[in-house]
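What follows is a single structure, written as structure tokens, with notes after it.
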Amino acid sequence: MRFNLFSKALSGAVAGITLMLANPAMSADADIVDTAIAADGFDTLVAAVQAADLVDTLKGDGPFTVFAPTDEAFAKIPADQLQALLADKDALTRVLTYHVVPGKVMAADVTGLEEATSVEGSAIAIDTSEGVKVNNATVVATDIEASNGVIHVIDTVILPPES
């Protein structure tokens, strides 16, 4: 029952995301960065990855699981706070690496998980009781495969715990 609820919630949410999956540039042959670049709605994420000098890392062998916030997710952050974050490379790197989990975790794999440890080092809470949430973010699209991992789209930027 839990898996069915998970699947139905995700299936319905996928319709709201405009991922140009029919685009030939977006295939499992493209890495995570190139997949995000080719998709609609990830311009802020790509700019943040570039500002944090994480492009080469996320183009690396992996595998990685990335919880990718949309442009709308970044828009929820007040503009002055977002600009300050983008200007602080250390803080930006910490936030972005909190969105990455080592290994390739497909949607079917999360049904038994309560948390996952991020590359940043802190745990990300996983709740599958009503759809799927990671911390306070709703997963709105899953299993976008890349050559070096998988992307799950989220509607809110998640922040690591305070140090």
Indicate yes or no for a side-chain donor-acceptor contact from Asp127 to the backbone of Val132 under 3.5 Å, with no hydrogens or angles considered. no

Sequence neighbours excluded - ring-ring contact (aromatic ring centres under 6.0 Å, His included) pairs with any residue from residues 137-156: Phe67-His152

Taking side chain as C-beta onward, heavy atoms only, is Leu96 less than 4.5 Å from Leu45? yes

Counting distance only, does the side-chain N/O of Tyr98 pair as donor-acceptor with the main-chain N or O of Ala123 below 3.5 Å? yes

Side-chain heavy atoms of Val153 within contact of Phe42, under 4.5 Å: yes

Identify the heavy atoms of Ile154 and His99 that sit nearest to each other, and give their distance. CD1-CD2, 3.7 Å

Which pairs count as salt bridge (charged side-chain N to carboxylate O under 4.0 Å, His left out) when at least one residue sits in residues 101-111, sequence neighbours excluded? Lys104-Glu145

State, with a plain yes or no, whether a side-chain heavy atom of Thr117 is found less than 4.5 Å away from one of Val101. no

Taking C-beta and beyond as the side chain, do Asp61 and Asn148 meet within less than 4.5 Å on heavy atoms? no

Can you run down the side-chain hydrogen bond (donor to acceptor under 3.5 Å, both in side chains) pairs that involve residues 42-51, sequence neighbours left out, and say none if there aren't any? Thr44-Asp71

For Val134 and Ile158, the nearest pair of non-hydrogen atoms, with its separation, is O-CG2, 3.6 Å

Is any side-chain heavy atom of Ile32 closer than 4.5 Å to one of Ile151? yes

Once rounded to the nearest 0.5 Å, what's the spacing between atom CD of Glu114 and atom CD1 of Ile124? 15.0 Å

Do Asp53 and Lys89 pass the side-chain contact (heavy atoms from CB on, under 4.5 Å) test, and can you show the C-alpha distance, the side-chain angles, and the key distance before you say yes or no? CA-CA 8 Å; Asp53 289 329; Lys89 186 176 175 181; 2.5 Å; yes

Please tell me if the side chains of Ser118 and Val100 come closer than 4.5 Å, counting only heavy atoms from C-beta onward. no

Would you say the side chain of Asp90 lies within less than 4.5 Å of the side chain of Asp88, judging by non-hydrogen atoms? yes

Partner set under side chain to side chain donor-acceptor pair (under 3.5 Å) for Lys59, not counting sequence neighbours: Asp31, Asp34

State which residues pass side chain to side chain donor-acceptor pair (under 3.5 Å) with Ser122; sequence neighbours excluded, sorted by chain then number. Glu120

Without placing hydrogens or testing angles, list every side-chain donor-acceptor pair under 3.5 Å for residues 73-84, not counting sequence neighbours.
unit_1, atom_1, unit_2, atom_2, d
Lys76, NZ, Asp155, O, 2.8
Lys76, NZ, Thr156, OG1, 3.0

Would you call Val150 and Met106 a side-chain contact if the rule is heavy atoms closer than 4.5 Å? yes

